[in-house]
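Below is one structure; the comments refer to it alone.
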Amino acid sequence: MKKMLIGSVLALAAGLYAFTEAPHTLQGRWENVTSTKDGTYRFLAVFRADDTYDGFMNGKAFLTGKYHFQNDTLTLSDHICQEGYTGTYFVQFVTPDSLVFRLINDTCSIRREGTDGVTFKRLPVKP
Amino acid sequence: MKKTGVILLIGVGWMIAAFTHETPLPGSTAALGRKLFFDPILSRTYTISCASCHQPAHAFADTSAVSTGIFNRKGKRNTPSAMNTRLQVSFFWDGRASTLEEQALIPIANPDEMGLPVDEAVARLQKNKYYRTAFKQLFHENPSRENLAKALAGFERTLETNDTPFDDWRLHENEAAVSAAAKRGFALFNGKAECIKCHFGPDFNNVEFRSIGLFDGKQLNDSGRAAITHRATDLGKFKIGSLRNIAQTAPYMHNGMFKTLAEVIDYYNDPDKVVPHSINRDTLLQKPLSLTNREKQDLEAFLRTLSGKEM
């Protein structure tokens, strides 16, 4: 009986924690590192508070666009794929600091290939 | 008298040191590639090195419409920059090489460039004590076609530009890194001027071949990519050039026909004014862009933000 009571209390606490957990945030710097025989490739995505984002490959800026993030769903639009064409991805947070983008819908093949299934890790904020 | 003796002794010592000093061996494949890149040993006449046409001061490109090779022979196309090649998937204006290693050997053997068959170049390196030792140290074998290509490509892969004012602006959110005109130019690049439809990616060049209308079958008769693929649809198509360090690589286009960035922008603004009867021009360039003078200047200001600090 005592065991059951403790179990129920724990379950209730866990449930309460789940409901009060802060929603995931995308804002910040996220990096994907791929190593090949030709060297290392670092893809950095910067999501800003003003709903804009930039992409960098090995420190080279090459992608600017706008994003909307709600309920772990990300909508992207950028100049390369033309602003009217949006891509939608489910953002699967493996931990609060690592994520994988899962395709929901994106007609822009270049963006799809560079995003779907790609894992990113959050970079620490510089002091 | 004593002073003169000391000076003489120092002088003799310096001379002995100078004559017995040996150039240190390169510590990496890229360092060996750098030495080879600047060494005329790879040309038939010992007069031309890779760096004769790929000049560091001009972002490893040349200032002539076409470069001058051995015996003052003129090349057929404008020398592209040897920088920012790491992310490329094809090389030369017509994309005839698909790896940097493959690319690296072709100018050595080209009769209009360095004019030395690659096997002869390798034999020269094998006879050269310095290179023989360096290759053995780094590759554990004598110089060969394969490791020569690896060394040159290894050096070229180090020539990356990611410290431009544009990168600084976007990466560090440094609003002062580029001018207001350049920011307007960036908006035009992505919008009205439609540059981004072809010039995108980390080096602003995509991986495609496009015909911008510089083939008319008469004065402009370089068929470009079609000579490689033998497809009529590729007539007049060339590799889209990188825009990184573009301000340093004039003249422009595969034939070096435009001397300035302003001329390039004028061409894209209304191609028919410059080449009225082009064949197979890309449909993206069917209509004039109708850029104002100020917009053209803004676009140029943006392009100038793509030069690295070294430039």
Side-chain angles (χ1 to χ4, degrees), chain A residues 27-67 76-87 106-115 118 120 123-127, chain B residues 29-30 83-89 99-101 150 153-154 156-174 177-178 183 186-208 242-245 284 302 305-306 308-309:
Chain A
Q27 197 185 316
R29 293 178 173 234
W30 298 83
E31 189 180 53
N32 166 269
V33 182
T34 308
S35 291
T36 72
K37 65 179 174 63
D38 291 331
T40 302
Y41 298 89
R42 292 179 182 278
F43 178 28
L44 174 69
V46 178
F47 291 94
R48 299 194 183 89
D50 64 359
D51 294 343
T52 65
Y53 74 99
D54 275 48
F56 305 84
M57 176 55 80
N58 291 347
K60 295 176 174 183
F62 76 100
L63 182 64
T64 60
K66 290 177 185 165
Y67 77 98
L76 298 165
S77 73
D78 60 66
H79 297 300
I80 294 176
C81 296
Q82 297 185 39
E83 285 196 60
Y85 292 88
T86 56
D106 193 346
T107 51
C108 179
S109 60
I110 300 170
R111 184 169 53 210
R112 202 169 56 230
E113 285 161 18
T115 312
V118 180
F120 284 82
L123 293 184
V125 179
K126 284 179 188 168
Chain B
T29 305
M83 297 186 79
N84 297 298
T85 54
R86 198 176 157 205
L87 300 170
Q88 306 306 309
V89 296
T99 67
L100 206 44
E101 282 76 7
K150 274 185 192 168
E156 288 182 81
R157 284 197 181 93
T158 66
L159 303 175
E160 291 289 295
T161 306
N162 63 1
D163 60 352
T164 70
F166 173 70
D167 298 316
D168 188 13
W169 172 36
R170 303 310 305 172
L171 185 60
H172 304 116
E173 291 161 42
N174 178 4
V178 302
K183 287 174 188 169
F186 182 50
L188 286 161
F189 184 91
N190 291 322
K192 184 179 175 182
E194 300 187 332
C195 313
I196 199 159
K197 288 188 175 170
C198 295
H199 289 279
F200 61 83
D203 298 310
F204 298 92
N205 68 337
N206 191 356
V207 292
E208 294 174 334
S242 166
L243 298 183
R244 289 195 173 262
N245 300 312
L284 281 172
F302 164 63
T305 69
L306 301 177
K309 277 182 190 160

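Each chain gets a letter, A, B and so on, in the order the sequences are listed, and its residues count up from 1.
- In this structure, chain A has heavy atoms under 4.5 Å from both the backbone and the side chain of B:N84.
- Residue contact with chain A, scored on non-hydrogen atoms closer than 4.5 Å, involves the side chain of B:F186 exclusively.
- The shortest distance between side-chain heavy atoms of A:K60 and B:L306 does not fall below 4.5 Å.
- Looking at A:N58, both its backbone and its side chain come within 4.5 Å of chain B, counting heavy atoms on both sides.
- When atom types are taken as modelled, the side chain of B:D167 and the backbone of A:A61 share a donor-acceptor pair closer than 3.5 angstrom.
- Residues from residues 40-49 of chain A that place a non-hydrogen atom less than 4.5 Å from a non-hydrogen atom of chain B comprise A:T40, A:Y41, A:L44, A:V46, A:R48, given in numerical order.
- Interatomic distance, OG1 of A:T52 versus CZ of B:R170, reported as 6.5 Å (0.5 Å rounding).
- Around atom NZ of A:K66, no more than 12 heavy atoms belonging to other residues, nucleotides or ligands sit under 6.0 Å away.
- Among B:F200, B:F204, B:W169, the residue making the largest number of heavy-atom pairs under 4.5 Å with chain A is B:F200.
- Distance NE2/A:H79 to CZ/B:F189: 10.5 Å, rounded to 0.5 Å.
- Both the backbone and the side chain of B:R86 come within contact range of chain A, judged by heavy atoms closer than 4.5 Å.
- Heavy atoms of B:T164 lying under 4.5 Å from chain A are absent altogether.
- For chain B, the nearby parts of A:I80 are the backbone and the side chain; heavy atoms of each come within less than 4.5 Å.
- Among B:N190, B:L100, B:N206, the residue making the largest number of heavy-atom pairs under 4.5 Å with chain A is B:N190.
- For B:I196, the part sitting under 4.5 Å from any heavy atom of chain A is the side chain, from C-beta outward, and nothing else.
- Note that the CG atom of B:D203 and the CE atom of A:M57 stand 10.5 Å from one another [nearest 0.5 Å].
- The contact between B:L87 and chain A is made entirely by side chain atoms (from C-beta outward), counting heavy-atom distances below 4.5 Å.
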